[in-house]
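A note on names: the letters A, B, ... follow the listed sequences, proteins ahead of strands, and every chain is numbered from 1.
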Protein chains: 2
Amino acid sequence: MTALIGRHTNKIDKKGRVSVPKAFRNALSSPVSEERGASTLFSGIYLYRSFKYSAIEGCGEAFIQRVVDSLDELELFSDEQDDLAITLLENSYQMAYDTEGRIFLPVELRTYAGLSDEAIFVGRGTRFQVWQPEAYNIHNKNSFERVRSQGATLRLKKLQEGFDQ
Amino acid sequence: MTALIGRHTNKIDKKGRVSVPKAFRNALSSPVSEERGASTLFSGIYLYRSFKYSAIEGCGEAFIQRVVDSLDELELFSDEQDDLAITLLENSYQMAYDTEGRIFLPVELRTYAGLSDEAIFVGRGTRFQVWQPEAYNIHNKNSFERVRSQGATLRLKKLQEGFDQ
DNA sequence: TTATATCCCATTGACGCCCATAAATTCCCA
DNA sequence: TGGGAATTTATGGGCGTCAATGGGATATAA
């Protein structure tokens, strides 16, 4: 499976639909058919509110399946270890592609991410995020600067350590 | 269709009926027919009072069967777990779908969950819950915030890879 | 009968399916 | 190597189908 990498900006139409980038569809679809056979023929993705950002987070069948498997099926009292998995399942939307590879963006998620007429898909390896473009640019700028400065600090530290010895 | 995921809000009519979401019906029906053949052709679900919340909990034939089987495996489960399983079976209602995929909500369960004219079905992987919508929203808000505040430190059980943002 | 439950049909509104066009990318060839 | 032609992807919108809902008719039990 290819990883989810890069950014794609797509339009949200009046019906609230948005095309999932072809590259993402490819990356997300392959593992399912191999792992579970043609029986579970769900063609689509899972969306939920990011816990950290004002953005939507998404994943494919493979990831969700691992969340499901992490739960002990026969456990009648779920312990706190399961809270994350349960919360994730409860708050996820299973969105099927239409014939053209689009999905409908649930109102709750659109509102949460502040989406209006455009959305940027951002690859994050096994998962991806969907942001309001402006919000993402700001976030990305900050993240990049933070990484850059941290990198500088790290190099500095290494240098100091070197001097110590 | 494998796991129960996401939420669906449906109306409870004057007769006390409510539609079980199609996605849930699909997810609950498939494994039964495969495992047990056409002999046990029960088309419906099992409902019982949640041990933990003021909500109804539900499952399909497959899960109930697993609980039943767990009682026969003498060494594997503790007495406490057996008691739990028995209590579950004793308190479960077997509700059949009508022609349209609706079920009748037993008064005991409606009262327990404080249901009036609407009910929200919440997927939890192998099982689901039925809540009074307002009560669920409050509960979910708290759960979501708790997970959020615990942040990236939390890890999924049985999962090598952590769930980081 | 009264109450309870199952089946049947009728309505509606959302969503999936379809086609038609636009934009973008690749491919091909002069 | 520039620029079209062809293929693929993205976008827009109409329409039919089916899930959800409401209510009535019929069957069963108390």
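- Heavy atoms of B/V20 sit under 4.0 angstrom from primed sugar atoms or phosphate atoms, though from no base atom.
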Contact letters for nucleotides 8-13 of chain C, in which S counts primed atoms plus P, OP1 and OP2 and B counts the base, heavy atoms under 4.0 Å
BB----

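- For B/D13, whose side chain is taken as the heavy atoms from C-beta onward, the closest listed nucleotide among D/dT21, D/dG22, D/dA19 is D/dG22.
- Checked by atom type and distance alone, the side chain of B/E100 never pairs as donor or acceptor with a backbone atom of B/R102 at under 3.5 Å.
- Taking only side-chain atoms of B/F104, from C-beta outward, the nucleotide of D/dA20, C/dA5, D/dT11 with the closest atom is C/dA5.
- For A/Y93 and A/Y46, the distance between ring centers is not under 6.0 angstrom.
- The nearest heavy atom of DNA chain D to A/S19 and to B/P21 marks one nucleotide each, and the one closer to the 5' end goes with A/S19.
- Along DNA chain D, the nucleotide nearest A/K22 and the nucleotide nearest A/I12 are compared for position; the residue whose nucleotide lies closer to the 5' end is A/K22.
- Taking only side-chain atoms of B/K14, from C-beta outward, the nucleotide of D/dG23, D/dG13, D/dG12 with the closest atom is D/dG23.
- Ring-centre distance between B/W131 and B/Y53: below the 6.0 Å cut-off.
- Atom NZ of A/K11 is separated from atom P of C/dT21 by 18 Å (rounded to the nearest Å).
- Between the side chain of B/N10 and the backbone N or O of B/A119, no donor-acceptor pair lies under 3.5 Å.
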